[in-house]
Amino acid sequence: MFGLVDGNNFYVSCERVFQPRLNGRPVVVLSNNDGNVVSRSPEAKQIGIAMGAPYFEIRGLLQQQRGYALSSNYPLYGDISRRVMARLADQVPAIEVYSIDEAFLDLHGLTKWLGSLDAHARRMRRDVLACTGIPTCVGMATTKTLAKVANRLAKKYPELEGILRLDTESRRERALRALPAADVWGIGRQYAQVLTAHGIRTAWDLAGVGETWARKNLGGVVGWRLIQELRGQPCQGLQPSEDGTLSRQSLRCSRSFGQPLTTFDDVWGALSTYMAKAAEKLRTQGGQAHLLTVFICKSQYDSRVRPPYTRSTTLTLPGGATSDTLLLLAYGRRLLERIYESGHSYVKAGVVLDGLEPPGRGLQLDLFAAAGSASPANDAKSKVLMQTIDAVNKQFGRNSVRPASSVASGNAPPWQSKALWRTPAYTTRLEDLLVVRVLLNK
DNA sequence: TCTGGGGTCCTAGGACCC
DNA sequence: TCTGGGGTCCTAGGACCC
């Protein structure tokens, strides 16, 4: 039996923990750059604000309803997520952290010890709420996909009180009939259109399609697995997270710019900033990457711009896997030169580190390497240099040592994202801790 | 005026290996 | 005129997820 626990309106719930005045009001959290709505309180959903809506389209409505819009505060959400996952991990044999606000639970064999699974799920919800302030829903079923279905319905129908268990044929059928096919995990916009065109409306209809049809229309073997999971046949196991964190195969840093950029130097300024961040993150995990991808995007919303909107290029690092910022910057600049076209304006750029390897795998040497590239001696020097940079940045602030290319001549760099309504990092920055004053009666 | 960021998995052709 | 079988890796792109 799998469980799926998921935080309700997670980002909004995190904000409400520290700002009770947000309770009962329409609240939205915006994406980086204050662009789109990425989390909505129930009150915001009720007045018709759609997920992903551009902020400029809903601003009027929100003001009129005396609601709040907040910039996203990822350090806060990440920290609260960690606390939620730790509470859950304490109460089940194994947990797979699936995203910042979701985890699959291993519930196998628990009934033997705990009696009712529903009672255990209720206890977990109470515990997470009491310890972190985050409300959750729990779905339980024999496959991950059905656990997602159960979770979805538990959220949709308040009378279920946040819990739904699908462990009999009749319950499964009732649930699948109640869920639109488009809401099934793994059915996105494209596939939803295909299903509509074929008269497939509910998850129950979807569970009835044949193997050939599923493989042909729903992305090959992935689609067929989805169908089997809906039928109760598990195709995916639990992939336990080590110490409650995600183990990753790739790592990315990308941002939309605060304004469109039209020069190579500005785009490189932004990109080198992101590369330094990505490399630092990689070192924090103790890993190395052997694939480097750079991409730049033009505006999809500008009618003068023709597709493709994104250009990307990938390099297998000739010296083998690395986490050396300077080496990555040197290769990254060459990759940007490959795809950058002058005379265009760019709105976003990013870097992806792929092919992640744990440290200590041994350095792959390049027989024809030029001086200055990978060699055991250089590798040792680079390691010391990176450790020093990380230590300095930890002690004196994040940007104390950074690539010269990321230092803008003016005040704020032109690529700097907007975040006009960011709340404090209540739980991760000492200066931002709330102060509680106690008034004593004399 | 203003439209996110960070992930996963799969496919498929071509180069190259023995 | 005739030209293998079984692999891996690289690269790009497309779908999905929260």
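Below, chains carry the letters A, B, ... as their sequence lines are ordered, and counting in each starts from 1.
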Among the candidates [options], find the nucleotide nearest to the side-chain atoms of [X].
{"X": "A/Lys281", "options": "B/dG7, C/dG13, C/dC17", "result": "B/dG7"}
{"X": "A/Lys348", "options": "B/dT8, B/dG5, B/dC10", "result": "B/dG5"}
{"X": "A/Leu251", "options": "B/dC2, B/dG6, B/dG7", "result": "B/dG7"}
{"X": "A/Arg252", "options": "B/dG6, B/dT11, C/dC18", "result": "B/dG6"}
{"X": "A/Val222", "options": "B/dT3, C/dG13, B/dC10", "result": "B/dC10"}
{"X": "A/Ser256", "options": "B/dG5, B/dC9, B/dT3", "result": "B/dG5"}
{"X": "A/Leu291", "options": "B/dG5, B/dT3, C/dT11", "result": "C/dT11"}
{"X": "A/Gln190", "options": "C/dA15, B/dG7, B/dT1", "result": "C/dA15"}
{"X": "A/Tyr98", "options": "B/dG7, C/dC18, C/dA15", "result": "C/dC18"}
{"X": "A/Asp101", "options": "B/dG5, B/dT1, C/dC18", "result": "C/dC18"}

I want to check one thing: is the phosphate of [N], taken as OP1 and OP2, less than 4.0 Å away from some side-chain N or O of [X]?
{"X": "A/Ser312", "N": "C/dA12", "value": "no"}
{"X": "A/Ser99", "N": "B/dG6", "value": "no"}
{"X": "A/Ser254", "N": "B/dG6", "value": "yes"}
{"X": "A/Gln249", "N": "B/dC9", "value": "yes"}
{"X": "A/Arg225", "N": "B/dC9", "value": "no"}
{"X": "A/Ser250", "N": "B/dT8", "value": "yes"}

Whole-Å gap separating [atom2] ([N]) and [atom1] ([X]):
{"X": "A/Phe10", "N": "B/dG6", "atom1": "CZ", "atom2": "P", "value": "17 Å"}
{"X": "A/Asn36", "N": "B/dT3", "atom1": "CG", "atom2": "P", "value": "8 Å"}
{"X": "A/Glu102", "N": "B/dG7", "atom1": "CD", "atom2": "P", "value": "16 Å"}
{"X": "A/Tyr55", "N": "B/dC2", "atom1": "OH", "atom2": "C1'", "value": "10 Å"}
{"X": "A/Gln236", "N": "C/dC16", "atom1": "CD", "atom2": "P", "value": "16 Å"}
{"X": "A/Ile100", "N": "B/dG7", "atom1": "CD1", "atom2": "C1'", "value": "12 Å"}
{"X": "A/Phe257", "N": "B/dT1", "atom1": "CZ", "atom2": "P", "value": "22 Å"}
{"X": "A/Gln193", "N": "C/dC16", "atom1": "CD", "atom2": "P", "value": "9 Å"}

Give me the one residue out of A/Lys155, A/Arg152, A/Lys148 that meets salt bridge (charged side-chain N to carboxylate O under 4.0 Å, His left out) with A/Glu102. A/Lys148

Mind checking if [X] touches a base, just sugar-phosphate, or nothing, with heavy atoms under 4.0 Å?
{"X": "A/Arg59", "answer": "base"}
{"X": "A/Gly220", "answer": "nothing"}
{"X": "A/Val184", "answer": "sugar-phosphate"}
{"X": "A/Asn33", "answer": "nothing"}
{"X": "A/Tyr191", "answer": "sugar-phosphate"}
{"X": "A/Arg215", "answer": "nothing"}
{"X": "A/Gly219", "answer": "nothing"}
{"X": "A/Ile187", "answer": "sugar-phosphate"}

Quick one: is the NZ or CZ of A/Lys348 closer than 6.0 Å to the six-membered ring centre of A/Phe257, and within 45° of its axis? no

Terminal axis angle for the helix from B/dG5-C/dC18 to B/dC18-C/dG5, five pairs an end, nearest 10 degrees: 10°

Taking atom P in both B/dT3 and C/dC18, what distance in whole Å separates the two? 25 Å

Using modelled atom types only, decide if a donor and an acceptor are shared between the side chain of A/Asn393 and the backbone of A/Ser400 within a distance under 3.5 Å. yes

Evaluate the ring planes of A/Tyr11 and A/Tyr74, with Trp represented by its six-membered ring, and classify them as parallel (under 30°), tilted (30 to 60°) or perpendicular (over 60°). perpendicular

Residue pair [X] / [Y], side-chain donor-acceptor N/O under 3.5 Å:
{"X": "A/Ser417", "Y": "A/Asn32", "answer": "no"}
{"X": "A/Asn9", "Y": "A/Ser39", "answer": "no"}
{"X": "A/Gln19", "Y": "A/Tyr68", "answer": "no"}

Atom CD of residue position A/Gln236 - does it have more than 12 heavy atoms of other residues, nucleotides or ligands inside 6.0 Å? yes

Between A/Phe56 and A/Arg255, just flag the one whose closest nucleotide in DNA chain B comes earlier from the 5' side. A/Phe56

Is the shortest distance from a Lys or Arg side-chain nitrogen in A/Lys298 or A/Glu341 to a carboxylate oxygen in the other one below 4.0 Å? yes

A/Leu261 side chain near A/Pro414 side chain, heavy-atom distance below 4.5 Å: yes

